[in-house]
Colleague: 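One structure, pasted below without further comment.
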Amino acid sequence: QVQLVESGGGLVQPGGSLTLSCAASGISIRFNAMAWYRQAPGKERDLVAGITGGGSTNYADSVKGRFSISRDNAKNRLYLQMNSLKPEDTALYYCKLPSLNYWGQGTQVTVSS
């Protein structure tokens, strides 16, 4: 059974940093494309960052230069390093395995002073 479990969310002040982690089980993420999405209250779920099986990355314009997606194949984990956080980054962040349309349960990120 494939499971994706996010962690690392929390409350952070504007300008701060957080690192989200997505632990995968039941499948190796090594050669799979993976992605992070986020959903703010009352808004649609949007793509934040993606990484292909080969390691190419892409980012939403709103997070370019501030967020970085990476993977640790040995640990079977996906990461999202978030720097220079803004209040508009507040959302529930989800890990996704697009090939099988699997989602994690989400981790809340709140950016507020």
Side-chain angles (χ1 to χ4, degrees):
Q1 181 181 359
V2 176
Q3 281 192 317
L4 302 173
V5 179
E6 301 95 335
S7 61
L11 173 63
V12 62
Q13 292 187 341
S17 299
L18 279 176
T19 301
L20 305 184
S21 177
C22 172
S25 60
I27 190 169
S28 172
I29 68 169
R30 180 180 296 269
F31 299 115
N32 280 288
M34 299 291 296
W36 286 98
Y37 283 72
R38 68 185 180 187
Q39 187 168 20
K43 296 188 176 181
E44 295 185 351
R45 192 174 298 187
D46 293 325
L47 176 69
V48 175
I51 183 168
T52 68
S56 298
T57 58
N58 63 286
Y59 298 91
D61 288 343
S62 59
V63 307
K64 281 182 182 176
R66 300 188 298 123
F67 290 12
S68 179
I69 187 171
S70 63
R71 67 203 301 157
D72 185 329
N73 292 330
K75 293 183 179 180
N76 215 32
R77 283 179 178 261
L78 179 73
Y79 299 99
L80 185 68
Q81 174 67 44
M82 306 186 294
N83 299 322
S84 302
L85 283 162
K86 304 174 181 180
E88 50 263 44
D89 295 317
T90 296
L92 195 56
Y93 283 71
Y94 297 91
C95 172
K96 183 182 182 182
L97 175 62
S99 62
L100 297 178
N101 199 31
Y102 275 107
W103 295 87
Q105 82 290 348
T107 185
Q108 178 67 39
V109 173
T110 302
V111 185
S112 175
S113 55

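Computed from a predicted structure; not experimentally measured. All values below come from the heavy atoms of this structure, side chains included, with hydrogens, waters and symmetry mates left out.
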Colleague: Answer yes or no: is there a donor N or O on one side and an acceptor on the other, between the side chain of N101 and the main chain of P98, under 3.5 Å?
Modeller: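 No; judged by distance alone, with no hydrogens or angles, the pair does not exist.
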Colleague: Using 0.5 Å steps for rounding, measure from the CG atom of N58 to the CD1 atom of I69.
Modeller: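 It is 7.5 Å, given to the nearest 0.5 Å.
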Colleague: Measure from the side-chain N and O atoms of T107 to the backbone N and O of S7, and report whether any donor-acceptor pair falls under 3.5 Å.
Modeller: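 Checking the backbone N and O of S7 against the side chain of T107, no donor-acceptor pair under 3.5 Å is found.
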Colleague: Is there a side-chain contact between L100 and I27 (heavy atoms, below 4.5 Å)?
Modeller: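 A side-chain contact under 4.5 Å exists here.
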Colleague: Hydrophobic clustering (ILVMFWY, side-chain heavy atoms < 4.5 Å, transitive) - are M34 and V2 grouped together?
Modeller: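 Linked within one cluster.
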Colleague: Ignoring hydrogens, what is the shortest heavy-atom contact between Y59 and S68? Give both atom names and the distance.
Modeller: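 The pair with the smallest heavy-atom distance is OH-CA, 3.4 Å.
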Colleague: Return yes when atom CD of E88 has more than 12 non-hydrogen atoms of other residues, nucleotides or ligands closer than 6.0 Å, and no otherwise.
Modeller: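 Correct, the count exceeds 12.
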Colleague: Looking only at side chains, do R77 and S21 share a donor and an acceptor under 3.5 Å apart?
Modeller: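 Distance-only check passes for R77 and S21.
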Colleague: To the closest 0.5 Å, what do you measure between CG (L78) and CG (N32)?
Modeller: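 These two atoms lie 11.0 Å from each other.
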Colleague: Answer whether the closest heavy-atom distance between the side chains of W36 and L20 falls below 4.5 Å.
Modeller: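 Side-chain contact under 4.5 Å: yes.
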Colleague: Do you know which two heavy atoms are closest between A35 and L47, and how far apart they sit?
Modeller: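 Looks like CB-CD1, 3.8 Å.
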Colleague: To the closest 0.5 Å, what do you measure between SG (C95) and CD (Q3)?
Modeller: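 Spacing of SG (C95) from CD (Q3) equals 12.0 Å.
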Colleague: Tell me every residue that passes ring-ring contact (aromatic ring centres under 6.0 Å, His included) with Y79, counting only those two or more places apart in sequence or in another chain.
Modeller: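 Listed in chain order: nothing, the list is empty.
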Colleague: If only side-chain N and O atoms count, and only distance matters, is there a donor-acceptor pair under 3.5 Å linking R45 with Y37?
Modeller: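 R45 and Y37 do not have a side-chain donor-acceptor pair below 3.5 Å.
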Colleague: Can any side-chain N or O of D46 pair as donor or acceptor with the backbone N or O of R38 at less than 3.5 Å?
Modeller: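 Between the backbone of R38 and the side chain of D46 there is no qualifying donor-acceptor contact (under 3.5 Å).
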Colleague: Might you point out which heavy atoms bring Q105 and V5 nearest each other, and give the distance in Å?
Modeller: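 Closest heavy-atom pair between Q105 and V5: OE1-CA, 3.7 Å.
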Colleague: Can you check whether G15's main-chain N or O pairs, donor with acceptor, with S84's side chain at less than 3.5 Å?
Modeller: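 Not confirmed, S84 side chain does not pair with G15 backbone.
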Colleague: Does I51 belong to the same Ile/Leu/Val/Met/Phe/Trp/Tyr cluster as Y102, with side-chain heavy atoms less than 4.5 Å apart forming each link?
Modeller: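 They do share one cluster, since a chain of ILVMFWY contacts under 4.5 Å joins I51 to Y102.
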Colleague: According to a hydrophobic-cluster definition based on side-chain heavy atoms being under 4.5 Å apart (Ile, Leu, Val, Met, Phe, Trp, Tyr only), do W103 and V48 belong together?
Modeller: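 In one cluster: no.
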Colleague: When rounded to the nearest 0.5 angstrom, what is the spacing between CG in L92 and NZ in K43?
Modeller: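 So the CG of L92 and the NZ of K43 are separated by 14.5 Å.
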Colleague: Taking all non-hydrogen atoms of both residues into account, name the closest pair between P14 and S112 and its distance.
Modeller: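 Closest heavy-atom pair between P14 and S112: CD-C, 3.6 Å.
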Colleague: I need the E6 CD to K96 NZ distance, nearest 0.5 Å.
Modeller: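 Between atom CD of E6 and atom NZ of K96 there are 13.0 Å.
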Colleague: Between L97 and Y93, is there shared hydrophobic-cluster membership here, with clusters defined by ILVMFWY side-chain heavy atoms closer than 4.5 Å?
Modeller: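 Yes, it is one cluster - the side chains of L97 and Y93 are joined through contacts under 4.5 Å.
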Colleague: Compare every heavy atom of R66 with every heavy atom of L85, then report the nearest pair and how far apart it is.
Modeller: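 Result for this residue pair: CA-NH1, 3.9 Å.
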Colleague: Would a distance-only check, ignoring hydrogens and angles, find a side-chain to backbone donor-acceptor pair under 3.5 Å from N73 to N76?
Modeller: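 The answer is no, because no donor-acceptor pair under 3.5 Å joins these two groups.
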Colleague: Using the side chain to side chain contact (heavy atoms under 4.5 Å, CB included) rule, take M82 and D89 through it: C-alpha gap first, then chi angles, then the decisive distance, then the call.
Modeller: CA-CA 9 Å; M82 306 186 294; D89 295 317; over 6 Å; no
Colleague: Between C22 and L4, which heavy-atom pair has the shortest distance, and what is it?
Modeller: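 Closest approach of C22 to L4: SG-CB, 3.9 Å.
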Colleague: If you measure from the Lys or Arg side-chain nitrogens to the Asp or Glu carboxylate oxygens, is any gap between K64 and D61 under 4.0 Å?
Modeller: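 Salt bridge present between K64 and D61.
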Colleague: Could you see if L80 belongs to whatever hydrophobic cluster contains Y94? Use Ile, Leu, Val, Met, Phe, Trp, Tyr and a side-chain cutoff under 4.5 Å.
Modeller: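 No: no chain of side-chain contacts under 4.5 Å links L80 to Y94.
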Colleague: Cut-off 3.5 Å, side chains only: do T19 and Q81 have a donor facing an acceptor?
Modeller: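 Side chains of T19 and Q81: pair found under 3.5 Å.
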Colleague: So, the side chain of R71 versus the backbone of T52: is there a donor-acceptor pair under 3.5 Å, distance only?
Modeller: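 The answer is yes, because a donor-acceptor pair under 3.5 Å joins these two groups.
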